[in-house]
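All values reported here derive from a predicted model rather than from experimental measurement. Counting begins at 1 with the first residue of the sequence.
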Amino acid sequence: PQWWVEGQADHEAQRVRDPAAAARERRTLFVQLASDVRSGRAPNLSSLRGSLAWDEYVKKAGAGKAYGWGHAAVAFIEARAGFDAVRRIMTDSEGPNTLGRFDELIQEVTGLSPAEFDAAVKQWVLDQARG
C-alpha cells in the first residue's frame with residue numbers, strides 16, 4: 001500500500017535525526033493527526049492503498065498529513081510489535097506480493113484485522129498526542 005511505502009520511509013528517516021528534534025516533530029505530527037481523528041477527517045488507511053487514492057488525499061489534505069498517517073501506522077506497528085515486525089513486513093517473501101498478503105502480515109504481527117488496525121492506529125495517535 002502507498003501509505004506503507006511512504007510512511008515507512010518517513011518513519012525510518014526519523015531514526016537519523018537528532019533524537020530531541022525527531023521527538024518534537026513526531027509530537028507535532030501526532031497532535032495534527034489527532035485533530036483530524038477528533039473532527040472525523042482522518043482517512044481510513046485502506047483508502048490510502050493505491051496511488052490514485054493517495055494522490056487524491058494529498059491534494060485534499062496535503063502531503064504532510066498523507067505521509068504522516070503512513071508514518072503513524074508504521075510507528076504504531078513498531079510500538080505494538082517491535083522493529084522485527086516492521087522488518088518482517090518489509091522483507092516478506094513467503095507469499096505473493098499482493099495487498100491481501102500485506103493485510104495478512106499486518107494481522108499476523110499486530111493481531112488486528114484491517115478495520116481493527118485502522119481504529120487502533122487512530123486511538124494510538126490520540127494517545128500519543130496527549131503525551
Side-chain angles (χ1 to χ4, degrees):
Q2 194 74 29
W3 70 259
W4 169 261
V5 172
E6 303 300 355
Q8 196 280 327
D10 201 50
H11 177 68
E12 295 306 320
Q14 290 286 324
R15 292 182 182 284
V16 298
R17 299 208 25 126
D18 169 68
R24 283 190 304 274
E25 286 179 23
R26 276 192 303 276
R27 173 101 168 106
T28 299
L29 171 65
F30 294 146
V31 167
Q32 291 172 354
L33 298 179
S35 175
D36 282 359
V37 172
R38 287 189 293 276
S39 69
R41 291 188 316 259
N44 289 323
L45 290 170
S46 62
S47 71
L48 300 179
R49 292 168 75 97
S51 295
L52 293 176
W54 175 266
D55 291 344
E56 184 179 310
Y57 184 73
V58 167
K59 287 177 188 172
K60 180 176 115 181
K65 286 202 179 163
Y67 283 75
W69 279 111
H71 175 108
V74 174
F76 168 79
I77 293 167
E78 186 172 339
R80 182 177 177 108
F83 183 73
D84 283 343
V86 174
R87 182 179 335 176
R88 180 170 176 221
I89 294 167
M90 289 178 56
T91 60
D92 177 68
S93 61
E94 293 179 22
N97 187 18
T98 64
L99 292 174
R101 176 64 184 151
F102 181 82
D103 290 342
E104 289 173 12
L105 286 167
I106 293 291
Q107 190 156 359
E108 288 173 18
V109 301
T110 66
L112 302 169
S113 71
E116 292 168 329
F117 176 74
D118 188 73
V121 169
K122 288 174 181 162
Q123 183 58 56
W124 186 80
V125 164
L126 290 170
D127 295 343
Q128 298 307 302
R130 286 186 199 105

Peer 1: Take Arg88 and Asp92 through the test salt bridge (charged side-chain N to carboxylate O under 4.0 Å, His left out) and record every step on the way to the result.
Peer 2: CA-CA 6 Å; Arg88 180 170 176 221; Asp92 177 68; 5.6 Å; no

Peer 1: Just how far is it from atom CD of Glu12 to atom CE of Met90, taken to the nearest 0.5 Å?
Peer 2: 6.5 Å

Peer 1: Do you reckon Phe76 sits in the same ILVMFWY cluster as Val31, going by side-chain contacts under 4.5 Å, direct or chained?
Peer 2: no

Peer 1: Work out which heavy atom in Arg49 is nearest to a heavy atom in Gly100; give both atom names and the distance.
Peer 2: NH2-N, 4.4 Å

Peer 1: Could you tell me if the side chain of Ile106 sits less than 4.5 Å from the side chain of Pro114, heavy atoms only?
Peer 2: no

Peer 1: I need the minimum non-hydrogen distance between Ala53 and Ser47, along with the two atoms involved.
Peer 2: CB-O, 2.9 Å

Peer 1: Among Leu105, Val74, Asp84, which residue satisfies the side chain to side chain contact (heavy atoms under 4.5 Å, CB included) criterion with Ile89?
Peer 2: Leu105

Peer 1: Over 60° means perpendicular and under 30° means parallel, so classify the ring planes of Phe30 and His71, tilted if in between.
Peer 2: tilted

Peer 1: Can you confirm whether the side chains of Gln107 and Asp103 place a donor and an acceptor under 3.5 Å from each other?
Peer 2: no

Peer 1: State the CZ-CD distance between Arg17 and Glu25, to the nearest 0.5 angstrom.
Peer 2: 3.5 Å

Peer 1: Ignoring hydrogens, what is the shortest heavy-atom contact between Ala81 and Val109? Give both atom names and the distance.
Peer 2: CB-O, 3.2 Å

Peer 1: Quick check: do Gln128 and Leu33 have side-chain heavy atoms less than 4.5 Å from each other?
Peer 2: no

Peer 1: Around atom CD of Glu56, are there more than 12 heavy atoms from other residues, nucleotides or ligands closer than 6.0 Å?
Peer 2: no

Peer 1: Do you know which two heavy atoms are closest between Thr110 and Arg80, and how far apart they sit?
Peer 2: O-NE, 2.9 Å

Peer 1: Looking at every non-hydrogen atom in both residues, tell me the closest pair between Ser35 and Arg41 and how far apart they are.
Peer 2: OG-NH2, 3.9 Å

Peer 1: Heavy-atom count around Asp18 CG within 6.0 Å, excluding the residue itself: above 12?
Peer 2: yes

Peer 1: Could you report the tightest heavy-atom contact between Ala120 and Leu112, atom names first, then the distance?
Peer 2: CB-CD1, 3.7 Å

Peer 1: Would a 4.5 Å heavy-atom cut-off, applied to side chains only, mark Asp10 and Glu6 as touching?
Peer 2: no

Peer 1: Spell out, as yes or no, whether a donor-acceptor pair under 3.5 Å connects the side chain of Asp118 to the backbone of Leu45.
Peer 2: yes

Peer 1: Would Arg101 and Glu104 count as a side-chain contact (heavy atoms from CB on, under 4.5 Å) if you check the C-alpha gap in whole Å, the side-chain angles of each, and the deciding distance to 0.1 Å?
Peer 2: CA-CA 5 Å; Arg101 176 64 184 151; Glu104 289 173 12; 3.1 Å; yes

Peer 1: Side chains of Ile77 and Trp124, heavy atoms from C-beta outward: is any pair under 4.5 Å?
Peer 2: no

Peer 1: Going from CD on Gln32 to CZ on Arg27, what distance comes out if it is rounded to the nearest 0.5 angstrom?
Peer 2: 11.5 Å

Peer 1: Report the distance from atom CG of Asn44 to atom CZ of Phe117, rounding to the nearest 0.5 Å.
Peer 2: 12.0 Å

Peer 1: Within this structure, what is the CD-CD distance for the pair Glu116 and Gln123, rounded to the nearest 0.5 Å?
Peer 2: 14.0 Å

Peer 1: Picking from Tyr57, Phe102, Tyr67, what satisfies ring-ring contact (aromatic ring centres under 6.0 Å, His included) with Trp3?
Peer 2: Phe102

Peer 1: Once you round to the nearest 0.5 Å, how far does CD of Gln14 lie from CZ of Arg26?
Peer 2: 5.5 Å

